[in-house]
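Some notes on the structure that comes next.
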Amino acid sequence: MNDLELVEIERRIYSIRGVRVIVDADLAVLYGVSTKRLNEQFRRNRKRFPDDFAFQLTPEEASSLRSQFATISPAPSSIRSQNATASKRNVRYRPWVFTEHGALQAANILNSGSAIHISVFVIRAFVKMREHLATNAAILKRLAEIDRSEEHTSELQSL
C-alpha cells in the first residue's frame, strides 16, 4: 500500500459526534469483504465492540453522511467505496461506524489475512489524522500567544 492509498483511506474517515470513524461499507471494501459479511461478524461478536468502538448512526447522521458521499470524487478502483451506489442500497439502512479501535477489532473478527494486513494501514491513517490535529492545535495555540503578545505590546506603546 502506498501513500496515495493511505490518503484515500484518510478520505474515508469522518468526524461524527466528535470522534473519528470509518463507515462499515468503506471498511468492508478495504478489508475485502462485503458489508453484509462485516456486519454479520460484527453482530455475532457484538460484545467485543463497546460503544466507543462502534456505533450506529442516527437517521439524521446517516442522511448527512449520504449527502457527503455524493460530493466525494471516486476513489481508485482498488479501494472504491460502495457508498457511491446508494441508490442500490436500502435508504432506511443506518450504517454502523467504527472508531480506530473498532476498525482493528473488525479485522480481528474477520480473521482474514487481507483484513489483518490492511488494518495496519487503516490504523496508520487514524494516527496520521490525530497527529495532524495535534499539530494544528499546537499551531493555533502558538498563534493565540503571539496575538496576545502583540496586543500587550500595542497597549504598552499607547501608554
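What you see is a predicted model; the values in this text were computed from it and never measured. For reference, positions follow the sequence shown, starting with 1.
Atom CZ in Phe49 sits 5.0 Å away from atom CD in Gln105 (nearest 0.5 Å). Atom OG1 of residue Thr58 and atom CD1 of residue Ile16 lie 9.0 Å apart, to the nearest 0.5 angstrom. Between the CG atom of Leu38 and the OH atom of Tyr31 there is a distance of 8.5 Å, given to the nearest 0.5 Å. Ile22 contributes atom CD1, which lies 5.0 Å from atom CG of Leu27 (distance to the nearest 0.5 angstrom). Interatomic distance, Arg44 CZ to Ile109 CD1, rounded to the nearest 0.5 Å: 10.0 Å. Distance check: Arg12 CZ to Leu30 CG gives 8.5 Å after rounding to the nearest 0.5 Å.
Take Phe53 and apply the ring pair (Phe, Tyr, Trp, His ring centres under 6.0 Å) test, not counting sequence neighbours, and it matches His101.
Under a 3.5 Å cut-off, the side chain of Asp24 and the backbone N or O of Trp96 do form a donor-acceptor pair. Side chain of Thr135 to main chain of Glu131: a donor-acceptor pair is present (N/O by atom type, distance under 3.5 Å, no hydrogens or angles).
Heavy-atom minimum distance, Ala103 versus Val122: CB-CG1, 3.9 Å. Nearest approach of Val33 to Arg37, heavy atoms of both residues: CB-CG, 4.1 Å. Residues Pro95 and Ala62 share a closest heavy-atom pair of CD-CB, 3.8 Å.
At a cut-off of 3.5 Å, with distance as the only test, a side-chain donor of Asn39 or Tyr93 sits close to an acceptor on the other residue.
Using a cut-off of 4.0 Å between Lys/Arg side-chain N and Asp/Glu carboxylate O, Arg43 and Glu40 are scored as not salt-bridged. Note on Arg94 versus Glu61: no salt bridge recorded, every NZ/NE/NH1/NH2 to OD/OE distance being 4.0 Å or above. Residues Glu10 and Lys128 are paired through a salt bridge, judged by an N-O separation under 4.0 Å between the basic side chain and the carboxylate. Using a 4.0 Å cut-off between charged nitrogen and carboxylate oxygen, Asp51 and Arg46 count as a salt-bridge pair.
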### Task
For side chain to side chain contact (heavy atoms under 4.5 Å, CB included), just list the numbers for Asp52 and Thr99, CA-CA rounded to whole Å, side-chain angles, deciding distance to a tenth of an Å, and then say yes or no.
CA-CA 7 Å; Asp52 60 330; Thr99 65; 5.8 Å; no

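Under a hydrophobic-cluster definition in which Ile, Leu, Val, Met, Phe, Trp and Tyr are linked whenever side-chain heavy atoms come within less than 4.5 Å, directly or via other members, Leu65 and Val21 are assigned to the same cluster. There is no path of hydrophobic side-chain contacts, each under 4.5 Å, that joins Leu104 to Ile9.
Counted within 6.0 Å of CZ on Arg20, heavy atoms from surrounding residues, nucleotides or ligands total more than 12; the atom is thus considered enclosed.
The cationic group of Arg124 lies under 6.0 Å from the six-membered ring centre of Phe121 and within 45° of the ring axis, placing it in a cation-pi geometry.
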Distance-only check: which donor-acceptor pairs under 3.5 Å involve side-chain atoms of residues 137-148, not counting sequence neighbours?
from, atom 1, to, atom 2, distance (Å)
Arg142, NH1, Glu145, OE1, 3.4

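Ring centroid separation for the pair Phe42 and Phe98 comes in under the 6.0 Å cut-off.
Within the 4.5 Å cutoff, the side chain of Val127 has heavy atoms near those of the Glu100 side chain.
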